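Taking it in order: structure first as structure tokens, then the write-up.
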Amino acid sequence: MLDLRWIRNNEDDVRSFLAARNNDFDIAPLLALDEEKRKLLTETEELKARRNEGSKKVGSARARGEDASQIMEEMRAIGERVKVIDGRIGEIDARLNDLLLSVPNRPHGSVPVGKDENDNVEIRRWGTPKEFSFEPKAHWDIGEALGILDFEKGAALAQSRFTVLRGQGARLERALINFMLDLHTEQHGYLEIEPPFLVSGKTMTGTGQLPKFADDLYKCENDDLWLIPTAEVPLTNLHADEILEEEQLPLYYVAYTPCFRREAGAYGRDVRGMLRQHQFDKVEMVKLASQETSYEELEKLTDNAEEVLRSLDIPHRTICLSTGDMGFGSSKTYDIEVWLPSQHKYREISSCSNCEDFQARRMNTRYRPKGGGKPVYVHTLNGSGIAIGRTLIAVLENCQREDGSVEIPAALVPYMRGVTEIR
RNA sequence: GGAGAAGUGGCCGAGUGGUCGAAGGCGAUUGACUCGAAAUCAAUUGAGCGGCUUUGCUGCUCCGUGGGUUCAAAUCCCACCUUCUCCGCCA
């Protein structure tokens with residue numbers, strides 16, 4: 001959510017960044033409502049001041065045993081007008097809030113302006129895609145041949161886009177989770193959290209999933225509970241409605257959770273294998289930082305995610321998303337993409353964003369600056385550190401051998417209890 | 001799920017219709033005292049929105065949340081949420 005006052009004073013900026021995002025949101029009705037509300041507010045506040053004064057007079061008159069019925073009558077009339085105006089203000093507020101929650105975040109000045117993913121800018125590459133002496137297979141072929149990936153059973157138990165992992169496949173998933181959690185907690189200074197996997201509508205609104213993206217989420221029928229699409233939601237909301245001290249910042253949190261996404265609107269894409277699932281595991285990093293340090297923290301966060309892939313020796317590249325490709329709540333996003341030999345392409349495995357104060361304003365998380373002063377909104381950052389299922393895919397495909405077996409990267413061997421290959 | 005109790009400022013805690021945004025205490029900050037510290041004393045110490053003669057003054061709102069009654073609500077009424085205790089159920 002953006003600051004309404006800022007929108008009011010920077011109309012042109014808002015219009016131009018909405019255009020850069022290909023967003024057709026019209027701010028005119030919003031500004032009109034804002035104007036009307038402020039006019040009514042002045043009116044009702046004046047009336048209330050008069051009523052407060054009158055009520056005090058009634059009190060003191062009664063204390064002296066005098067008759068106050070005339071003032072009471074006047075105050076009753078004022079009260080009725082106040083009620084009408086406040087009712088209208090309430091309606092405007094609700095509408096204003098709805099509109100504000102639908103305005104996307106303002107992109108940072110360093111973000112490339114562009115229409116879509118074709119305008120994303122590659123920042124760096126790491127590693128060289130391996131030359132195979134044979135035709136590298138896709139992970140679904142490797143996994144099914146080894147008996148560790150079962151797509152049929154996933155579909156039978158739930159529906160398509162669910163997978164059953166078996167044996168060393170299930171263990172590899174678990175190994176990746178533990179490896180990443182250990183890396184981030186022991187080397188990068190994150191505090192491990194185990195959050196709820198279901199959260200309230202308010203929490204979903206805090207990070208921006210609601211109200212706009214309800215169709216992408218799974219909701220419980222009888223409760224105000226939603227399955228999290230990413231641990232970003234509970235982690236970022238950990239300090240909702242709090243005022244922190246600047247000395248506490250930055251806060252680093254990391255969590256493993258399953259993630260649940262309806263993937264509505266992704267019907268034809270990545271239908272084979274487990275690249276795009278309704279349920280997938282992810283280790284997620286979240287930071288709350290001061291306004292001055294958040295972009296520095298974004299660089300570190302992205303490096304923390306890249307470190308996972310360096311440790312596993314998997315080729316990858318990092319790109320900066322253009323204004324047209326960026327998510328709703330982000331001011332700047334780096335995607336990390338791994339090399340998938342079977343597709344001969346880099347594919348997204350992590351997304352690291354600085355949301356600045358966009359989420360903080362929604363969930364009301366502030367900090368008191370050093371040396372006192374008014375509380376200001378924190379900057380929130382999140383990044384996959386990293387997607388587990390896609391990492392498993394990357395390991396299977398990049399570490400496959402001609403005979404169909406898969407070599408376990410050295411860093412994972414301890415987590416696989418000494419297993420060095422799956423065959 | 002059933003029965004009961006409770007939700008007040010950073011914390012504890014008083015307040016059952018009228019100068020209550022809220023006593024008192026703790027904590028914090030500043031000053032005095034001190035060579036310094038402690039102790040003591042004094043002052044200050046919530047948030048949001050707005051106005052102004054803008055380092056201060058001022059209006060409105062906020063006592064779990066949302067409604068209602070009233071000239072006036074922390075205080076009365078209704079609904080909901082959360083916490084605690086007991087029962088039931090369960091891992």
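Here is the naming used below: chain letters follow the sequence lines, and residue numbers restart at 1 for every chain. On a predicted model such as this, the values are computed, not experimentally measured, just so you know.
- Nucleotides G21(B) and G46(B), compared at atom P, are 15 Å apart to the nearest Å.
- To the nearest 0.5 Å, the span separating OG on S311(A) from CE on M180(A) amounts to 9.5 Å.
- Interatomic distance, R361(A) CZ to R366(A) CZ, rounded to the nearest 0.5 Å: 11.0 Å.
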Pairing pattern in dot-bracket form [Watson-Crick, G-U; both distances under 3.5 Å; | = partner strand] for RNA chain B: ((((((((.[[[..)..(.....]]]((((((.......))))))(((((((...))))))).[[[[[..)....]]]]])))))))....
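- Remark: E74(A) pairs with Q70(A) by the side chain to side chain contact (heavy atoms under 4.5 Å, CB included) rule, at least two apart or across chains.
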Footprint string (nucleotides 56-74 of chain B, 5' to 3'): B base within contact, S backbone only, - free, heavy atoms under 4.0 Å: ---BBS-------S-BS--
Where do N or O atoms of nucleotides 45-47 of chain B meet protein N or O atoms at under 3.5 Å, pair by pair?
| from | atom 1 | to | atom 2 | distance (Å) |
| --- | --- | --- | --- | --- |
| A47(B) | OP1 | R368(A) | NH1 | 3.2 |
| A47(B) | O3' | R366(A) | NH1 | 3.3 |

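- Between V103(A) and M1(A) there is no side-chain heavy-atom pair separated by less than 4.5 Å.
- In summary, E263(A) and R276(A) engage in a salt bridge, as defined by a charged side-chain N under 4.0 Å from a carboxylate O.
- At most 12 non-hydrogen atoms from other residues, nucleotides or ligands lie less than 6.0 angstrom from CZ of R50(A).
- Not a single ring pair (Phe, Tyr, Trp, His ring centres under 6.0 Å) links Y377(A) to another residue, sequence neighbours left out.
- The side chain to side chain contact (heavy atoms under 4.5 Å, CB included) search around A214(A) returns L210(A), W226(A), not counting sequence neighbours.
- Distance noted for atom C1' between G68(B) and C12(B): 33 Å (whole Å).
- Using a 4.0 Å cut-off between a side-chain N of Lys or Arg and a carboxylate O of Asp or Glu, E36(A) and R88(A) qualify as a salt bridge.
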